[in-house]
Peer 1: 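Before I ask anything, let me first share the structure, which is written out below as structure tokens.
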Amino acid sequence: MSNAPVTRKHASTLRGGSLPKWSPWAIAAGSLAVGAGVSLAAGLDSKVQWGLIAAILFVLGTYVIAARVEGRRQAKDRVATSMVWVCFIVAVVPLVSLIWETVERGVKVFDAYFLSHSMGVVADAETGGGIYHAIIGTLEQVGIASLIAVPIGVLTAIYLVEYGRGKLAKAVTFFVDVMTGIPSIVAGLFVLSFWILILDMGYSGFAGAMALSILMMPVVVRSTEEMLKLVPNELREASLALGVPKWRTILKVVLPTSIGGITTGVMLAVARITGETAPVLLLVWGTGFINNNPFDGPQASLPLYIYQQYAAGTPASVDRAWAAALALILFVMILNMGARAIARWKAPKAGR
Amino acid sequence: MAKRIDVSGLTAYYGSHKAIEDISMTVEPRSVTAFIGPSGCGKSTFLRTLNRMHEVTPGGRVEGKVLLDDEDLYGNGIDPVAVRRTIGMVFQRPNPFPTMSIFDNVAAGLKLNGNYKKSELGDIVERSLKGANLWNEVKDRLNKPGSGLSGGQQQRLCIARAIAVEPQVLLMDEPCSALDPISTLAIEDLIGELKERFTIVIVTHNMQQAARVSDRTAFFNLSAVGQPGRLIEIDDTERIFSNPSVQATEDYISGRFG
Ligand SMILES: Nc1ncnc2c1ncn2[C@@H]1O[C@H](COP(=O)(O)OP(=O)(O)OP(=O)(O)O)[C@@H](O)[C@H]1O
Ligand SMILES: [Mg+2]
């Protein structure tokens with residue numbers, strides 16, 4: 001029979017040695033232990049060095065062990081996987097420790113009183129006071145900035161993707177690129193010289209919102225553009241072929257199809273400007289009192305509050321700075337989750 | 001009310017690339033005209049010039065005349081939107097709107113244009129879905145998204161969508177290329193029914209299909225890759241398939257091509 005040798009040959013080339021499922025964990029644990037041992041012996045006291053040594057040992061160890069047991073191709077495969085894991089951990093460690101640190105230090109004075117009271121006349125060294133005025137300021141400034149930047153940004157993106165041809169579109173794209181690179185302090189200075197020094201208006205939340213909208217607009221344009229480009233051309237053609245005018249096609253077919261992604265992009269842009277300090281410092285000025293009117297007089301905002309409290313340097317004010325930082329992170333996180341929820345809810349639904 | 005199409009001296013470009021050159025033909029009302037020819041010879045391009053969809057492509061340009069009952073579609077003051085309402089189209093790949101339910105997909109042409117009576121909508125949707133042979137499969141889930149259907153069902157959904165607006169001419173670009181033989185047969189029957197009311201133009205790579213459904217057949221070809229496609233001949237389907245007047249047509253139909 002000619003079948004038999006063929007089968008045997010197949011079996012021998014297809015089956016090879018293989019490491020058990022738990023081996024990556026074992027190698028990781030081993031390299032951690034060895035890394036710690038080596039570091040102790042060498043008298044290194046930085047945990048970062050310990051981690052780096054363990055990571056290198058992990059990648060090398062994976063390769064050597066896999067190469068011996070499974071062969072070189074599988075070993076390379078496993079090295080790639082272990083590198084991805086190492087990079088992932090390197091990326092996650094700072095993030096987790098940042099959140100950990102903020103939560104740990106922030107919870108000390110983070111309570112309902114803190115959220116519902118302003119600083120008023122509380123001195124830097126005194127305990128008490130809160131961020132109510134800063135929350136109001138941030139909400140109003142970011143809200144106004146979004147009201148300005150989102151419509152302009154989305155319409156610009158629609159122009160670029162759906163209508164833009166030739167020189168004008170190229171110029172707009174170029175300026176959006178340039179705007180993306182504007183440092184926030186420069187946006188602040190621009191509004192300062194134009195609005196406050198030339199037009200002689202006072203410091204106000206609105207002045208800050210204008211600078212924030214300059215920072216926000218290019219982000220909105222870029223993300224919306226990407227989302228609109230993802231809408232398949234066939235859908236536009238299907239709608240046009242039904243005798244639907246172009247503007248209605250954009251409004252009723254293109255935008256609904258991409259609304260989830262656009263919302264996510266807008267929310268990310270909002271999150272980005274929420275943390276801006278420089279323009280607020282220049283244009284909104286900051287105050288310890290509640291000012292509900294964004295168009296008149298100085299306001300506070302969360303990042304500015306953090307900066308000022310931290311700069312004051314007393315134990316009570318540093319505690320307040322951390323608690324405000326926690327509030328800021330929570331604010332951005334809630335925004336992000338809101339965006340995700342909207343994106344999921346609005347996304348084109350597959351399935352029956 | 002079906003209409004006649006008279007094309008004369010039609011040339012279409014993509015930017016500087018001439019895709020089809022100097023095409024003249026007549027499409028008879030209340031009949032089925034089939035376009036056949038090798039891939040890339042410009043059948044889709046020509047079809048799209050008939051309802052002014054060609055110019056939607058960036059760089060798309062057309063020269064020549066397309067008369068719809070004596071009115072030049074490329075004449076001054078002609079609104080391409082109105083042209084597309086009169087001349088409907090079904091695309092090579094099914095493209096239902098992913099954000100809309102099955103019902104809304106069929107009603108899309110009416111709803112997006114805003115000229116409909118709410119009370120009539122249900123009837124029109126049911127009639128169109130029945131017309132496209134899809135009603136029985138979807139009648140219990142009209143509110144589910146159209147993208148949840150199979151490829152063949154999606155294509156029939158697109159046909160339903162196109163006939164819901166009651167066009168006078170229906171252009172179909174390989175409507176059956178994604179369908180099984182049973183759905184194909186259903187669509188061919190449908191074409192047979194539709195030609196009582198509409199003028200139908202269908203592009204197909206399937207010779208048997210062209211022979212089965214069409215009254216007249218047009219054969220397109222290009223002399224070499226990169227050259228513009230041309231109309232070789234158009235005649236009664238029977239004649240094209242039994243005794244064409246050009247040798248190239250016979251070669252193509254009998255598979256002795258290239
Ligand atoms: N969007 C486009 N931009 C540039 N050139 C195009 C475009 N679409 C088609 N062409 C060119 O026009 C010519 C005709 O293409 P067309 O799609 O009309 O062929 P077809 O006969 O429909 O082919 P098939 O049978 O494969 O569908 C081809 O040379 C093609 O490369
Ligand atoms: Mg084609």
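Letters A, B, ... mirror the listed sequences (proteins, then strands); counts begin at 1.
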Peer 1: For residues B:Phe97 and A:Leu235, report the shortest heavy-atom separation together with the two atoms involved.
Peer 2: CE2-O, 3.5 Å

Peer 1: For residues A:Ser239 and B:Leu112, report the shortest heavy-atom separation together with the two atoms involved.
Peer 2: OG-CD1, 3.9 Å

Peer 1: In a table with atom names and distances, give each donor-acceptor pair under 3.5 Å that connects a side chain of residues 262-274 of chain A to protein atoms at least two apart or in another chain.
Peer 2:
| from | atom 1 | to | atom 2 | distance (Å) |
| --- | --- | --- | --- | --- |
| A:Thr263 | OG1 | A:Ile259 | O | 2.4 |
| A:Thr264 | OG1 | A:Gly260 | O | 2.9 |
| A:Thr274 | OG1 | A:Val270 | O | 2.6 |

Peer 1: Is it the side chain or the backbone of B:Arg48 that comes within 4.5 Å of chain A heavy atoms, both, or neither?
Peer 2: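 When you check distances to chain A, only side chain atoms of B:Arg48 fall under 4.5 Å.
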
Peer 1: Identify the two heavy atoms, one from A:Leu242 and one from B:Ala162, that lie closest to each other, and give their separation to 0.1 Å.
Peer 2: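 Smallest interatomic distance, heavy atoms only, reads CD2-CA, 4.3 Å.
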
Peer 1: Is it the backbone or the side chain of A:Thr249 that comes under 4.5 Å from a heavy atom of chain B, or both, or neither?
Peer 2: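 When you check distances to chain B, no heavy atom of A:Thr249 falls under 4.5 Å.
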
Peer 1: Is B:Pro96 in contact with chain A via its backbone, its side chain, both, or neither, using a 4.5 Å heavy-atom distance?
Peer 2: backbone

Peer 1: Name, in order of residue number, those residues of residues 84-93 of chain B that have a heavy atom at a distance of less than 4.5 Å from a heavy atom in chain A; otherwise write 'none'.
Peer 2: B:Arg84, B:Arg85, B:Ile87, B:Gly88, B:Met89, B:Phe91, B:Arg93

Peer 1: For atom CD of B:Glu71, is the number of surrounding heavy atoms from other residues, nucleotides or ligands below 6.0 Å larger than 12?
Peer 2: no

Peer 1: Are the side chains of A:Pro245 and B:Asn113 in contact, using a 4.5 Å heavy-atom criterion?
Peer 2: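 Counting from C-beta outward, B:Asn113 and A:Pro245 do come under 4.5 Å.
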
Peer 1: Near B:Lys65 NZ, under 6.0 Å, is it more than 12 heavy atoms from other residues, nucleotides or ligands?
Peer 2: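 No.
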
Peer 1: Within a 6.0 Å radius of atom NZ on A:Lys252, are there more than 12 heavy atoms belonging to other residues, nucleotides or ligands?
Peer 2: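 It does not: A:Lys252 NZ has 12 such atoms or fewer within range.
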
Peer 1: Hey, is CD1 on B:Ile182 packed in by over 12 heavy atoms from elsewhere, all under 6.0 Å?
Peer 2: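 Open.
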
Peer 1: Going by salt bridge (charged side-chain N to carboxylate O under 4.0 Å, His left out), name the residues that satisfy it together with B:Asp104, two or more places apart in sequence or in a different chain.
Peer 2: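 Partners of B:Asp104 by the salt bridge (charged side-chain N to carboxylate O under 4.0 Å, His left out) criterion, ordered by chain and then number, come out as B:Lys111.
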
Peer 1: So with a 6.0 Å cut-off around OH of A:Tyr163, is the heavy-atom count from everything else above 12?
Peer 2: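 Buried by this count: over 12 neighbours within 6.0 Å.
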
Peer 1: Kindly state each residue pair satisfying salt bridge (charged side-chain N to carboxylate O under 4.0 Å, His left out) with at least one member in residues 145-169 of chain A, sequence neighbours excluded.
Peer 2: A:Glu162-A:Arg236

Peer 1: Should the heavy atoms of other residues, nucleotides or ligands under 6.0 Å from CH2 of A:Trp85 be counted, would the total exceed 12?
Peer 2: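 No.
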
Peer 1: Evaluate whether atom CZ of A:Phe194 has more than 12 neighbouring non-hydrogen atoms of other residues, nucleotides or ligands under 6.0 angstrom away.
Peer 2: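 Atom CZ in A:Phe194 is not packed in, count stays at 12 or less.
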
Peer 1: Provide the closest heavy-atom pair for B:Asn95 versus A:Ala238 in the form atom of the first, atom of the second, distance.
Peer 2: ND2-CB, 3.4 Å

